[in-house]
Structure formats: structure tokens, C-alpha cells
Student: 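For reference, the structure I am asking about is given below.
All figures in this text were calculated on a predicted structure; none of them were measured in a lab. Throughout, protein chains are lettered first and strands after them, A, B, ... in sequence-line order, and every chain is numbered starting at 1.
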Amino acid sequence: MPRYTPSTIEPRWQDLWADEGTYNIDNDDPREKRYVLSMYPYPSGPAHIGHVRNYTFGDLLVRYHTMNGKGVLSPIGFDSFGLPAENAAMKSGEHPRPFTDARIVELTSSLRRIGAVYDSRRTLKSHDPMFMKWTQWIFLRFFEAGLVYRATSPVNWCPGCQTVLANEQVIDGRCDRSDDLVEKRDMEQWFYKITDYAQELLDELDGLDWPDRVKTMQRNWIGRSEGAEFGLPIADADGNARSDVPPLPVYTTRPDTGFGMTFAVMAPEHPRVDELTSDEQREAVEAFRSQVNTKSDIERMSTSRAADKRGIFTGGSVVNPFTGKPIPLFLADYVLMGYGTGAIMAVPGQDQRDWDFARTHDLEIVRTVQPPDDFDGEAYVGTGPAINSAREDLDLDGLDVAEAKAKASDWLIEQDLGEPKINFRLRDWLLSRQRFWGCPIPMVYCDSCGLRPLPDSELPIVAPDDVDFTAIGSPLTKHEGFLNTTCPDCGEPARRETDTMDTFVDSSWYFLRFTDPWNDELPFSKEAVSRFLPVDQYIGGVEHAILHLLYTRFFMKALADIGLAPKDLREPMKRLFTQGMVRMGGGKMSKSKGNTVAPEAIIDAHGADALRLAILQVKPPAEDVDWEDFQLEGCERFLHRLWRLAHPETDLYSNPRDGEPNEADAAIETAAHVLIDRVSNEYERWAYNTAVAGFMEFTNTLYRYVQAPDGPHQATLDHALDTVVQLLAPAVPHMTAELWKLRHDGEHVHLTTWPVADQAKLVVDTVTMIVQVNGKVRDRFEVSAEISAQEAQDLALGSENVQAQLDGEPKKIIVRQPKIVNIVA
RNA sequence: GCCCGGGUGGCGGAAUGGCAGACGCGACGGAUUCAAAAUCCGUUGUCCGAAAGGGCGUGUGGGUUCGACUCCCACUCCGGGCACCA
């Protein structure tokens with residue numbers, strides 16, 4: 001019998017799947033569709049072990065659904081724009097394109113070597129001009145639909161690199177590349193109006209078959225809150241409301257606590273600060289504002305985390321409309337300009353932040369909710385009856401929080417002071433990056449026409465090749481050939497936008513392009529999209545739980561609303577699975593720590609099948625796993641055992657029988673059907689680790705069976721082995737393909753039909769009945785599954801072991817035949 | 001601070017409220033071998049016992065139940081997410 005040698009078997013099958021296009025699917029394929037998609041990777045070179053885990057799970061499902069008669073769409077692509085390539089370019093001076101292409105070749109080869117199969121005709125890359133064209137085209141459609149706008153926004157600016165940094169590039173307030181101190185700068189930026197969809201993004205989470213954890217994270221991120229917005233009249237020197245200036249709007253979720261508002265606070269960036277600051281305080285306020293401005297976020301947060309909230313008195317006052325009394329107006333950095341109205345009513349009695357601020361600035365504190373008697377905290381945020389909250393036309397005293405909220409809110413409406421308001425924490429998506437290696441934003445600046453979109457005919461706008469990476473800042477801003485163009489409207493000289501798009505834009509629609517990659521009239525046709533969407537199973541890491549997965553949902557809704565995608569297609573990802581990370585010694589794997597695992601080396605030594613099996617076996621797929629915990633030896637040993645057992649020239653036994661099967665044969669036959677049932681179920685439930693245990697168990701059983709003195713019954717054994725090989729085919733594709741070919745005259749296991757368990761064989765006729773005394777097992781019997789309650793009880797009481805535990809008559813006997821009898825002594 | 005997960009043998013982990021520890025690793029014993037590796041067959045939670053058998057065992061404390069790893073309450077430790085969102 002030839003040895004099992006994965007190094008010769010595996011490439012052969014990989015070639016065959018690729019050459020024959022086994023997993024290609026045409027759009028007019030008549031089979032019921034399944035769209036199985038693993039998040040497309042950033043091409044960083046050969047696959048790392050995390051990739052292998054991710055793509056093994058996806059590949060298993062692709063092969064499993066195919067064997068179940070489905071027409072599976074299994075595409076792969078590359079998220080090929082992004083920082084690492086640009087950083088490498090800055091180091092070497094080489095253009096990021098050849099660098100990126102080389103990494104894609106390496107990663108493609110890795111994926112092929114782990115046996116992952118795709119419809120390679122549909123493969124795409126973000127930096128492919130054809131893909132860029134449609135990314136830009138969609139941008140223009142969004143622009144036309146009013147979903148794109150420009151606004152000033154504070155950004156992280158690295159003075160050394162002359163560029164904007166993403167939050168994750170700012171480490172302890174410094175640039176992760178140059179180590180310069182990062183500044184906050186206000187710059188004009190491009191935004192997608194994702195907040196238009198905040199409510200729908202929140203509502204439709206409920207219907208998604210996603211991990212609860214991810215749905216919760218998105219809910220929190222969207223952060224819907226219900227409250228009221230109302231105006232605080234500006235007070236004159238005598239404390240009376242002025243009618244000549246508009247009031248200061250504030251947002252609160254607790255209108256019921258209005259009587260406890262003893263001061264008001266504006267964000268330092270609030271546009272009305274100058275107007276509302278008194279002359280005496282102006283200098284101090286200016287000093288405070290510039291101090292806040294130069295602080296990085298991190299400093300601002302760490303200092304303000306201390307109990308004393310940092311702030312300053314404006315010298316001005318506003319009127320508390322509930323009490324009619326003037327209250328001082330402050331500036332404080334714990335109030336954020338970006339949320340609500342950028343100004344708040346401060347109620348120290350019911351809000352800890354306001355409490356802290358009131359204490360450091362010696363301000364009045366009035367409780368408006370009665371805390372319980374045993375309450376010994378500071379601000380009381382719990383429920384209770386309202387107190388100190390009455391005036392002539394509004395009496396909240398005694399009402400609970402919910403009632404008081406409603407009544408106070410109604411009063412604000414009646415008085416024409418304000419209205420109920422819903423706020424979201426979600427901000428619009430800042431999509432522009434001052435980077436070279438991204439998809440350029442297709443807009444121009446014309447001196448006479450202003451900001452103009454480019455016509456579709458000029459797309460794609462591709463970054464030039466002859467650029468200098470050794471200079472500081474994005475090369476696009478210095479490339480005259482790229483910069484200078486003509487205005488599409490008036491034909492006069494104009495400048496091109498040099499910002500590129502966030503790479504999350506590419507990943508927000510790539511899964512749609514997969515359905516129609518040959519289309520050169522549109523990014524995708526509605527027909528192709530409705531043929532394959534929604535994605536039946538999306539697979540990726542939890543690190544994308546919020547941004548990527550929120551952006552794809554936004555894109556889907558927007559594309560549907562502007563008529564590019566089917567109108568009723570609101571959600572792109574029907575089912576999501578987030579697999580865990582692969583770690584090293586409890587920590588994250590990273591090249592800098594030198595603790596990476598090279599999957600290619602493992603494949604060289606043990607084969608892709610052993611690695612795939614080890615990935616499936618080691619832990620439930622959702623959990624993080626340490627590389628040290630992988631059981632590669634055990635998995636490899638199992639594969640060798642199965643090979644030896646299932647190979648037609650096996651040396652394990654020499655005495656196969658024909659004729660009538662005996663009892664032992666029947667037990668094997670039954671076990672095979674139980675295995676079909678079990679594994680099918682476990683594949684569906686992502687319980688791959690227990691499925692592998694099932695294979696090992698069954699194989700161990702077969703070893704004992706064939707080595708027993710009677711020898712195996714040939715037909716029974718063949719069926720059992722064929723079953724294992726088929727069931728294992730999605731998980732361990734190369735070896736099972738080879739074994740099946742040897743056993744079945746060249747046939748291809750992945751084109752066979754998934755076995756179906758014979759339900760009649762799953763019916764058990766004898767079971768082990770356990771007998772407990774006071775919940776402890778004292779005896780067990782093999783009994784018929786149809787045993788009566790009386791028989792079961794009699795059997796239990798007849799047990800010597802049970803009698804030894806009994807002291808007199810049992811108090812009570814619970815019979816759950818045929819599985820258990822519990823005797824209470 | 002708030003919101004999620006999770007604590008089970010020497011280790012990774014199994015277990016619709018019904019035999020805790022499947023399967024694998026490791027360890028130990030046996031077969032094979034001149035010998036070893038590989039392979040094959042066993043044993044392996046822990047304590048007492050020669051054995052039969054018994055005591056104790058799923059982070060801690062309580063509760064519900066005939067019966068709890070599983071459900072409920074409180075606590076604790078570990079991991080993750082968000083973090084002044086009014």
C-alpha cells in the first residue's frame with residue numbers, strides 16, 4: 001500500500017479544481033444559490049495562520065453546500081489599497097502597485113495551497129482600474145443623491161509626515177511612523193451621510209442572523225437616545241430673559257430634571273462662545289479655549305477623567321425656563337460640540353459629571369429625584385419620585401421619572417420652548433484620506449464653477465505612476481500632471497481633488513461586484529445582484545463588527561434607494577459568523593514579536609489537510625485560540641489511520657466476509673448513519689470541533705471492527721468508509737478526493753451527493769437506563785427503548801446496588817423511562 | 001464607569017435540566033522490533049481500597065428542582081467592546 005504523501009497528492013487536486021473550474025458558477029446556473037463569502041483580505045504576502053483559519057471555514061461551507069446540490073458562489077478578492085503598501089513605497093521608493101501585485105500573487109498561492117476553492121474568473125482587486133472606475137462612479141451617484149458632502153472636521157495631523165492619520169495610527173498622542181506629536185487640525189473633509197440611515201440601520205439589526213455581540217456593538221455605536229431639545233433664554237444683567245437674541249438650544253434626555261438645572265455648559269468649540277462671553281472673562285475664556293485646542297484627544301480625556309471637570313465661567317448667564325431664575329453659563333471640555341447642540345443644561349443632582357463640575361466650581365446642587373433612604377452616592381441617576389419640581393403651571397412632584405419626563409416634555413411644547421428630539425451617537429462617515437494609495441475622489445476645483453464632479457466618461461481617475469515617494473506628504477499634491485486639469489463645465493483650467501477614499505469604501509460594495517464582474521456598463525446589474533444577494537454566509541473577524549459591517553449595510557440601503565440595487569434589498573449579509581483570532585502564547589501574533597507561524601512551512605511538513613483538520617479540531621470556530629494549543633500531531637495521525645483503513649490496498653485486515661451481515665456489522669451500519677446525521681448537523685451549526693471528534697471516534701470504532709477475529713463484512717465496511725470519506729470531503733478535501741478516486745474508479749468525491757441518513761436506522765431500540773439514588777448514579781441497565789414506567793421502576797428497585805443505598809421505603813420515585821429512574825431515599 | 005463573553009482533569013476541550021470529562025494532546029503499560037522510531041492494543045479526574053465498591057469533584061456563596069456544568073440571585077477572577085454622547 002502506498003504511503004499517504006500529502007505533498008504529492010495536494011498539488012494534483014489543486015490543479016484539477018483550478019483547471020476544471022470545479023467551483024466556477026455561471027449566473028444562469030439553475031441550482032438553488034448559496035453565496036458564501038469570507039471577508040476579502042488585505043494582501044500582505046503569504047497567508048498567515050489567521051487567514052488560513054478564516055478561509056478554511058469558508059471553504060468547508062462552499063464544498064459542503066455544493067455537495068448538497070446548491071449552486072455556490074464562492075469568490076475571492078483583495079482589499080488592495082491601504083497604508084502598508086504606501087509605507088513600504090516610502091521606504092523603498094518603489095511604486096505601491098508592483099509591490100501590491102506581488103503580495104497578491106503570494107497570497108493567491110497560499111490560498112491555493114490550503115485547498116480553498118473559488119470561482120477565479122470573478123476575482124477582483126480594489127486597485128484594479130476597472131474596480132476603481134465603479135467605486136468612483138458610485139461616489140458620483142451618491143453625490144448626486146445628496147449623500148456626499150464636504151465639511152470642516154478636526155483631524156489627526158502629523159506635522160512631520162504632512163498627512164492626516166487614522167485614529168489607530170496615533171499611539172499615545174504620537175505618530176506611529178515618525179513619532180511626532182500629533183495635532184488636532186480643522187480641515188475640509190468629505191463625508192458620506194450615513195446618519196440619514198441611522199434609524200433604519202438600528203431597526204433592521206433585529207432581523208439579522210448575526211452574533212448578538214455584534215448586533216449589540218452596532219446598537220451601541222448608533223447610540224439612539226430620546227429626549228428633548230429646548231432653548232435657554234440669554235439673561236441680561238438683571239437676570240431677565242432677553243428677547244433680542246435667540247436662546248441657547250440644549251439637548252437633554254432628562255427634561256424631568258429641569259428644575260435642578262443650576263448652570264449651563266457649552267462646548268469650548270461652540271460658535272456662540274464669543275457672543276455670550278462677558279468682556280471681563282474674555283481673556284480667560286480665550287486662554288482656556290486655546291489650551292483645549294492644542295491638547296490631543298488623549299490628553300484631553302486623561303485630564304478630564306479626573307473628578308474635577310475642567311472648565312471656565314463665561315461671565316454670562318442664561319435663564320432656566322423651569323424656575324425662571326438666571327443661572328451661570330460655563331465652558332467645559334466634557335461637553336462635546338459634535339453631539340446634540342453642543343450645549344447642555346447641567347443638573348448636578350442627577351448627573352455625576354455635572355456633580356463633579358459643580359463641586360469644583362462651587363455651584364448650587366438641587367436634587368429633583370428623591371434617592372432611596374440608603375443612597376450614599378453623589379449624583380442620583382436612578383428612578384424615584386420627583387421633588388423640588390413645581391411651579392404654577394407645571395407640577396412634577398411625586399411623579400416617577402417616566403411620567404415626569406412626559407409631562408415636562410409636553411410643557412416645553414406648550415410653552416413653545418422646545419420639542420421632543422431623537423439623537424444618535426453615530427456620526428457621518430469621514431471618507432477622505434490625504435493618501436496616495438487609495439481610490440481618488442473624482443472631483444475638481446474650478447475657480448469659476450467651484451467644486452465640480454467629473455463626468456462618467458473620464459473615469460477611472462487613476463493615480464499616476466511617475467511619482468516621488470521620498471518627498472513628504474501625499475505625492476498626488478505635488479504631481480503637476482495629475483493636479484492640473486480642465487473644468488468639466490467651463491473648460492477653464494482647474495485642479496483635481498487629491499484626497500483619496502477610505503479603503504472601507506471599496507469593501508462596502510465589493511461583494512456586489514462579485515455577482516457581475518464582467519459588466520462594463522454598470523458596477524453590477526440588478527438581475528445579478530438579486531440572483532445572489534443577500535450573502536447567505538459572511539465570515540470574518542470581529543474586528544470588523546462595527547465599521548465595515550455598518551458601512552456595507554449603509555451602502556446596500558443607499559444603492560437600493562437610488563435605484564442601482566433592487567429596492568427591497570435592504571440588508572446585504574443575511575448571516576454572519578465572526579471567527580476568533582489565532583494568538584501566540586496568549587498574546588497577539590505580530591511580526592515584530594517574531595512569534596508568527598508560517599502556514600506554508602506547516603503545509604510543507606504535514607500537508608494542508610492536516611493543518612485544516614487541526615484548525616477545525618482545536619476549538620469552536622468563534623473562539624480565540626493559541627497556536628500552542630493546536631493538535632497537529634493528532635490530526636495528522638488520524639489522517640494516516642484513515643488512509644490506511646480506506647485505501648483499497650489496505651494491509652489492516654485480510655479476512656473480509658460476504659453474505660449476510662451479523663450483529664456487529666449491523667452496529668457499524670447504524671453507526672455510519674448516526675455519523676451522517678451528526679456531522680451534517682454539526683457542519684450547519686459551526687460545531688466543527690465536535691464533528692472532527694465524531695470522525696475520530698468512528699474511525700477508532702472501525703479499527704476495532706476490522707481487526708476483530710470475525711473480520712469485517714465487506715459491503716458494510718465499504719459503505720461505512722465511503723460515508724466517512726464523503727462527510728470528511730469538505731473539511732479535508734485533498735485526501736478524501738484521492739481516496740474516493742482510488743475506491744471509485746476515478747470518480748470525484750466533491751461532485752457526489754451528500755449522504756442522507758436513513759431515519760429508520762437512527763431509531764434506537766435499546767438504551768442504557770441509569771438508576772440514581774438521591775441524584776447519584778448507582779446502577780445501569782440495558783433496556784428496550786419501549787420499556788414501561790412500571791418495568792423500569794421494578795428493574796431499578798431490583799438492583800442490589802440500589803438496595804444497598806436504601807434505608808427503608810423510598811420516599812419518592814421519579815421515572816423518566818427509558819433513560820433514568822431517580823429514587824429519593 | 002457601562003455593555004457583552006468566559007472560568008470544567010496535567011493541557012486544548014465535550015455535554016436538548018438526566019451517566020461530568022466525548023475527541024485529541026501528554027503520561028503510563030502491553031504487542032511488534034536485535035534496538036529504537038513509526039505502528040497496533042489498552043489504562044489514565046482525584047482521594048480511600050487488593051478488589052468490589054465508596055468519598056470528593058465543573059471559579060466562590062446562596063437559591064429553584066426528584067435531579068444543576070446547564071436555570072435564578074450575589075460575588076470574584078480573566079478576556080473583549082465602548083468610554084465624558086448630556
Student: OP1 or OP2 of B:rA83 versus the side-chain N and O atoms of A:N220: is any pair under 4.0 Å?
Tutor: no
Student: Look only at the side chain of A:R612 and the backbone of A:V732, and say whether a donor-acceptor pair between them is shorter than 3.5 Å.
Tutor: no
Student: Sort me out a list of protein N/O and nucleotides 60-66 of chain B N/O pairs below 3.5 Å, or just none if empty.
Tutor:
from   : atom 1 : to     : atom 2 : distance (Å)
B:rC66 : O2'    : A:N822 : ND2    : 3.3
B:rC66 : O2     : A:N822 : ND2    : 2.7

Student: Taking only the C1' atom of each, what is the distance from B:rC11 to B:rG18 in whole angstrom?
Tutor: 29 Å
Student: Would you say that more than 12 heavy atoms from the other residues, nucleotides or ligands in this model lie under 6.0 Å from the CD of A:E800, or not?
Tutor: no
Student: On a whole-Å scale, what distance lies between the P atoms belonging to B:rA22 and B:rC34?
Tutor: 37 Å
Student: Please determine if a side-chain N or O atom of A:K619 lies less than 4.0 Å away from the OP1 or OP2 oxygen of B:rG13.
Tutor: yes
Student: Would you sort out whether A:W355 and A:F357 count as a ring pair (Phe, Tyr, Trp, His ring centres under 6.0 Å), showing the intermediate values?
Tutor: CA-CA 5 Å; A:W355 175 285; A:F357 193 85; over 10 Å; no
Student: Can you tell me if A:N689 touches the phosphate of B:rA14, counting only side-chain N or O atoms and a distance under 4.0 Å to OP1 or OP2?
Tutor: yes
Student: Report yes or no: is the cationic atom of A:R367 (NZ for Lys, CZ for Arg) closer than 6.0 Å to the six-membered ring centre of A:Y380, at no more than 45° off its axis?
Tutor: no
Student: Out of B:rG12, B:rA86, B:rG13, which has the shortest distance to the side chain of A:E623?
Tutor: B:rG13
Student: Provide the distance between the two P atoms, one in B:rC19 and one in B:rU58, to the nearest whole Å.
Tutor: 15 Å
Student: What's the CG-C1' distance between A:N801 and B:rC19, to the nearest Å?
Tutor: 14 Å
Student: Which nucleotide, B:rA86, B:rA20, B:rC82, lies nearest any side-chain atom of A:L336?
Tutor: B:rA86
Student: Considering only atom C1', compute the distance from B:rC56 to B:rU8 and round it to an integer number of Å.
Tutor: 15 Å
Student: Using the side-chain heavy atoms of A:A693, tell me which of these nucleotides is nearest: B:rC19, B:rC23, B:rA86.
Tutor: B:rC23
Student: When rounded to the nearest Å, what value does the distance between C1' atoms of B:rG9 and B:rG5 take?
Tutor: 24 Å
Student: I'd like the C1' distance from B:rC77 over to B:rA31, given in whole Å.
Tutor: 48 Å
Student: Hey, does A:R213 reach any base, or is it just sugar-phosphate, or nothing, if we go heavy atoms under 4.0 Å?
Tutor: sugar-phosphate
Student: Between A:R778 and B:rG54, does any side-chain N or O lie under 4.0 Å from OP1 or OP2?
Tutor: yes
Student: Are the side chains of A:F322 and A:F230 in touch, meaning some heavy atoms are under 4.5 Å apart?
Tutor: yes
Student: Can you tell me if CD on A:E649 sees more than 12 non-hydrogen neighbours from other groups inside 6.0 Å?
Tutor: yes
Student: Under a 4.0 Å heavy-atom cut-off, which of residues 630-642 of chain A touch RNA chain B?
Tutor: A:Q631, A:G634, A:R637, A:R641
Student: Has A:Y251 got a side-chain N or O lying under 4.0 Å from the OP1 or OP2 atom of B:rA86?
Tutor: no
Student: Parallel, tilted or perpendicular: which one describes the rings of A:Y4 and A:W643, with boundaries at 30° and 60°?
Tutor: tilted
Student: B:rC40, B:rA83, B:rC19: which one has an atom nearest the side-chain heavy atoms of A:R644?
Tutor: B:rC40
Student: Just one of A:L632, A:L639, A:L611, A:L613 clears the side chain to side chain contact (heavy atoms under 4.5 Å, CB included) bar with A:H606, so which one?
Tutor: A:L632
Student: Of the options B:rC4, B:rA14, B:rC40, whose atoms approach the side-chain atoms of A:Y703 most closely?
Tutor: B:rC40
Student: Looking at the side chain of A:T690, which of B:rG81, B:rC23, B:rA14 is the nearest nucleotide?
Tutor: B:rA14
Student: Between A:W221 and A:L547, is there a side-chain heavy-atom distance shorter than 4.5 Å?
Tutor: yes
Student: For B:rC3 and B:rG21, measure between their C1' atoms and round to the nearest Å.
Tutor: 33 Å
Student: Where the side chain of A:V618 is defined as all heavy atoms beyond and including C-beta, which of B:rC41, B:rG18, B:rG12 is the nearest nucleotide?
Tutor: B:rG12
Student: Reading RNA chain B 5' to 3', what string of ( ), [ ], | and . shows its pairs, if Watson-Crick and G-U wobble pairs count only when both distances fall under 3.5 Å?
Tutor: (((((((..(((.....[....)))((((((.......))))))((((....))))..(((((..]....))))))))))))....
Student: Given side chains that start at C-beta, do those of A:L430 and A:S153 come closer than 4.5 Å, heavy atoms only?
Tutor: yes
Student: Of the listed nucleotides (B:rC41, B:rG24, B:rG81), which one gets closest to any side-chain atom of A:Q617?
Tutor: B:rG24
Student: Roughly how far apart, to the nearest Å, are B:rU65 and B:rG17 at atom C1'?
Tutor: 9 Å
Student: Got a donor-acceptor contact below 3.5 angstrom from the A:D609 side chain to the A:M735 backbone?
Tutor: yes
Student: Which nucleotide in the set B:rA14, B:rA22, B:rA86 lies at the smallest distance from any side-chain heavy atom of A:V335?
Tutor: B:rA86
